[in-house]
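In what follows, every heavy atom counts, from backbone to side chain, and hydrogens, waters and symmetry copies are set aside.
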Amino acid sequence: MTAIRPQHVDAVPLADLVAGLDVSGGTESEVSIRDISVDSRDVTADTLWVALPGASTHGARFSTSALASGAPAILTDPEGADLVGSVDVPVCVSEDLRRDMGVIAARVFANPAERLRMLGVTGTNGKTTTVALLEFALTASGQRVGTIGTIGFRMAGQELPSARSTVTTPESPDLQALLAVMLEGGADAVALEVSSHAMALHRAAGMVLDVAGFLNLGMDHLDFHGDQERYFEAKAALFTPEHTRAAVCWVDDAHGARIAERARAAGLAVVTVGTGDDVDVRLSDFTPVPPLGGAAMLRLHGQEMPVQIALPGLHNMIDAVMALAMAEVVGVPAEQALAGLRSAQVPGRMQLLDLGDDAPSVIVDFAHTPQAVTATLDALAQSFDHIITVLGCGGDRDREKRPLMGAAAAKHSHLLVVTDDNPRTEDPASIRAAMLAGTAQARGDVAEVAGRRAAIEHALGRAGAGSVVAILGKGHERGQQVGREVLDFDDAVEARRAWLQKTEGKPG
């Protein structure tokens, strides 16, 4: 499967693509471009190939392959230019390669974001849910909506199959191409997740959002950013005139309040959302609606109105209200947005599995930070008296949060089954040991079960009809990374298989 591209792209002179940028080379070229790629395997005779520096090697070392595929020009940094050496095609050299790549990618595809309503969401937890809720809210107003994020790419409710260049926010060439595809498909608006990696690596360069939403800041990705303040600054960079025209901020989070203040000082339109009396959109009186829903009151423009969703927990209600506030910024009446939110569901986010009569309730959710685990289990505790949690932590990153994840799950579970997530190149047992170190104050039992399949079987084996089994951490993912391999693995599929095996004695 290759990267997704629009069907119709006009050729753009290379000189026009680099005009006004601090890029040397290419300004006198007569070459024209119809595509841009960072992958030498995707190069054709009209593709501007971008040689990026990588973690282990510089992309410029693949220049022979790109040129053999017909690359008519190369964009790289000074180090890459030295590695490419003397070649028969223009070599454009940028001192700010990723930022310039984003601007050039937008130009290649005729600046699609300028012809779409663009809504971006950032935050440690809740981005995927909020983007999905935006899809429902905007669709209820009659708009055709594209979505871009962790669970994939969708257009008007249909999945767009594509190879991915990143987990959450695509690299700028793929992102701009995807926006062009959605525009070709008749999209009116696009809602996308904007990760901290995307901001640090300038994947959103070359476009300005109509509105950006900030949800929260927890502990995540510190292996990449180094510390919490740099992590915050990466997200805060979205709320500048370079990237958005308006900001919607959940200000009960102190980081959201900081961003709102900065955005206002920068001249952006700002909408504050929270539970205090001095916010623009006030959320109050949250009430669980069993088995997995919630209701609350909303004060908007001085009027009180009820809001109801089919997702459990205050954290999902916050995401819904943020989606409503963002939709209103781009012209969707609150009444229409509320109608769309009422029945919204999100794959892999509080996904309820139907295992049949007399089965325990089983929830699959992506919760993979201490804050998200706490919020998810708190929400389930409002509807269930007995909670069994299956949880692991990923390898090769964020070691500091492992005992905190274990502590959060142990505090809110009657049984915690500590197991494996994506161990990657680490020893799974050492990851589990770090999680177990945080479970000293466990509410109930804690079991260590190696192997995620065995852990799901163990949890369902100890569950009764009144239990809820929360399988956390992977959500929508359909693979498990063990070593350098990605093995087929889907929590929902495994839970159904394990229950069938338990109740009917059939292998999955």
Salt bridge R5-E184, side-chain N to carboxylate O under 4.0 Å: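 No salt bridge links R5 with E184.
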
Salt bridge present between E485 and R424 (N-O < 4.0 angstrom): no

For [X] and [Y], which I'm curious about, is there any donor-acceptor pair between the side chains at under 3.5 Å?
{"X": "H476", "Y": "R349", "value": "yes"}
{"X": "T44", "Y": "D46", "value": "yes"}
{"X": "D77", "Y": "H58", "value": "yes"}
{"X": "T169", "Y": "E193", "value": "no"}
{"X": "H202", "Y": "E171", "value": "no"}
{"X": "E242", "Y": "T240", "value": "no"}

Atom of [X], atom of [Y] and distance for their closest heavy-atom approach:
{"X": "T57", "Y": "R61", "answer": "OG1-CD, 3.0 Å"}
{"X": "G479", "Y": "N422", "answer": "O-OD1, 3.8 Å"}
{"X": "L215", "Y": "N125", "answer": "CD1-O, 3.5 Å"}
{"X": "P90", "Y": "P72", "answer": "CD-O, 3.2 Å"}
{"X": "A247", "Y": "F239", "answer": "CB-CD2, 3.6 Å"}

CA sep, side-chain torsions, deciding dist, call: D210, R117, salt bridge (charged side-chain N to carboxylate O under 4.0 Å, His left out): CA-CA 6 Å; D210 292 287; R117 296 181 186 92; over 6 Å; no

Contacts of type side chain to side chain donor-acceptor pair (under 3.5 Å), residue T244, not counting sequence neighbours: none

For residues 152-160, run the donor-acceptor check on the side chains, cut-off 3.5 Å, and write out each pair with its distance to 0.1 Å, sequence neighbours left out.
| from | atom 1 | to | atom 2 | distance (Å) |
| --- | --- | --- | --- | --- |
| R154 | NE | E135 | OE1 | 3.4 |
| R154 | NH2 | G157 | O | 3.0 |

Minimum side-chain heavy-atom gap M317-L311 below 4.5 Å: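 Not in contact.
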
V93 side chain near L75 side chain, heavy-atom distance below 4.5 Å: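 Side chain of V93 against side chain of L75, heavy atoms only: no contact under 4.5 Å found.
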
R99 CZ to D22 CG distance, which is reported to the nearest 0.5 Å: 12.0 Å

Rounded distance (nearest 0.5 Å) linking atom OG of S69 with atom CG of L67: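 That separation rounds to 9.0 Å.
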
